Amino acid sequence: MKKTVLVSGGAGFIGSHVTVELVEAGYDVVVADNMSNCDMTCFEGVTKIIGRRLPFVQMDFCDMEAVNRLFEEYHIDAVIHFAAFKAVGESVEMPLLYYRNNLLSFINVLEAARTHGGCNVLFSSSATVYGEPEELPVTERSPRQPATSPYGNTKQMCEDFLRDAVKAYSEIKGIALRYFNPIGAHPSALIGELPRGVPNNLVPFITQTAIGKRECLSIFGNDYPTPDGTCLRDYIDIVDLAKAHVCAVSRMLDGRMKEPYEIFNVGTGRPVSVLELVTAFEKVNGLKLNYRFAPRRSGDVTAIWADPTLANEELGWKAERSVEDTLAAAWAWEKHLAGK
Ligand code: UFG
């Protein structure tokens with residue numbers, strides 16, 4: 001029998017790409033989202049890519065009754081939990097909003113997973129839990145550092161909620177995936193990143209500058225102790241990232257987990273500087289980007305990239321797309337949005 005996967009926050013950037021990959025891998029998918037930080041663009045894009053409309057429930061995961069109703073209506077074999085706020089700066093200004101939304105929604109998911117006959121839970125975590133690492137690349141055993149923002153704190157706390165829930169309730173199994181920097185868009189250019197207002201993240205700012213929506217990209221800091229003075233990150237293609245979820249979900253559903261709670265880094269293992277990324281974008285898309293060097297952005301770590309060995313070996317997953325292909329896809333998506 002086909003297994004059903006619930007994707008909370010499934011209308012967003014990562015959720016929509018994961019939904020497509022799950023469907024292509026043969027899973028039934030239920031998409032749920034409160035639409036607080038997106039519109040239906042990506043859900044409609046998913047419909048076009050897969051050629052049919054998936055069950056969609058507009059609901060808030062902070063509403064326990066709504067979560068229970070969802071678990072009663074569908075037999076959920078696994079849930080992938082994306083539904084959360086994710087802007088670091090905003091979380092510093094509105095910590096209680098972030099704590100209420102990100103923590104309560106996940107507690108509700110865990111409660112429902114426990115009380116509706118058991119369920120596998122995949123939590124979308126972040127490399128932010130490693131803070132400024134002492135050794136690079138980071139493995140899953142690298143120590144977590146105290147969070148520097150309420151957003152980062154919610155990622156650490158939710159990891160702990162999952163670890164503790166799995167320990168206490170044998171009917172729940174859990175995987176936390178720690179993402180590095182997800183970028184790019186689906187090769188169809190029908191789904192991609194859709195930031196509201198001025199983008200916080202680098203690649204949407206680059207594509208919006210290239211299309212003329214923003215005047216100039218500020219590169220935050222060129223005096224870091226790195227080869228070219230700009231920060232180093234591990235940029236992971238969004239479709240590669242989505243495929244890691246399919247590998248993790250099938251590991252849970254097929255009973256291949258070695259521990260009831262597991263953690264995997266999802267990255268390429270390849271550090272790329274901000275300047276290298278900008279140059280690669282210009283080269284692959286044949287254009288010049290207006291940029292300038294600006295002061296460092298507070299809270300940025302100098303360098304972080306993954307050791308993805310564990311995910312490579314245990315999940316049978318590996319990042320495949322080149323940075324160039326990913327940046328070409330990001331640009332195709334920006335042009336699609338502009339109707340060009
Ligand atoms: N950057 C710029 N100009 C911009 C935007 C970003 O130079 O306009 C630089 C940043 O300073 C950083 C790099 O581009 O060096 C990447 O920045 P992003 O904002 O795209 O990504 P971060 O690495 O800061 O953020 C990621 C995740 C967050 C997570 C954070 C902390 O997107 O979810 O890591 O580790 F919280």
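Read the numbers this way: they start at 1 and go in the same order the structure lists the ligands and their atoms. Being a predicted model, the structure only gives us computed values, none of them experimental. This chain uses plain numbering: 1 for the first residue, then up along the sequence.
Evaluated for a side chain to side chain contact (heavy atoms under 4.5 Å, CB included) with Val278, the options Leu289, Thr209, Thr230 yield exactly one hit, Leu289.
A tilted orientation is assigned to the rings of Phe71 and His116, their planes being inclined by 30° to 60°.
Look at Lys243 and Glu24 and you find no salt bridge, because none of the NZ, NE, NH1 or NH2 atoms lies under 4.0 Å from a carboxylate O. Under a 4.0 Å N-O distance rule, the pair Arg144/Glu159 qualifies as a salt bridge. With salt bridges taken as basic N to acidic carboxylate O contacts below 4.0 Å, one links Arg297 and Asp300.
Applying the salt bridge (Lys or Arg N to Asp or Glu O under 4.0 Å) definition to pairs two or more places apart or across chains, those involving residues 106-121 are Glu111-Arg114.
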Pairwise, report which nitrogen or oxygen atoms of ligand 1 are under 3.5 angstrom from protein nitrogen or oxygen atoms, and how far apart they are.
| unit_1 | atom_1 | unit_2 | atom_2 | d |
| --- | --- | --- | --- | --- |
| ligand 1 | 3 (N) | Ser218 | O | 2.7 |
| ligand 1 | 7 (O) | Ser218 | O | 3.4 |
| ligand 1 | 7 (O) | Phe220 | N | 2.9 |
| ligand 1 | 11 (O) | Asp300 | OD2 | 2.6 |
| ligand 1 | 17 (O) | Arg297 | NH2 | 3.4 |
| ligand 1 | 19 (O) | Asn200 | O | 3.4 |
| ligand 1 | 19 (O) | Asn201 | ND2 | 3.1 |
| ligand 1 | 19 (O) | Arg297 | NH2 | 2.9 |
| ligand 1 | 20 (O) | Asn201 | ND2 | 3.4 |
| ligand 1 | 20 (O) | Leu202 | N | 2.8 |
| ligand 1 | 21 (O) | Asn181 | ND2 | 3.1 |
| ligand 1 | 23 (O) | Asn181 | ND2 | 2.9 |
| ligand 1 | 23 (O) | Arg233 | NE | 2.7 |
| ligand 1 | 24 (O) | Arg297 | NH2 | 2.9 |
| ligand 1 | 32 (O) | Asn201 | ND2 | 3.3 |
| ligand 1 | 33 (O) | Tyr151 | OH | 3.0 |

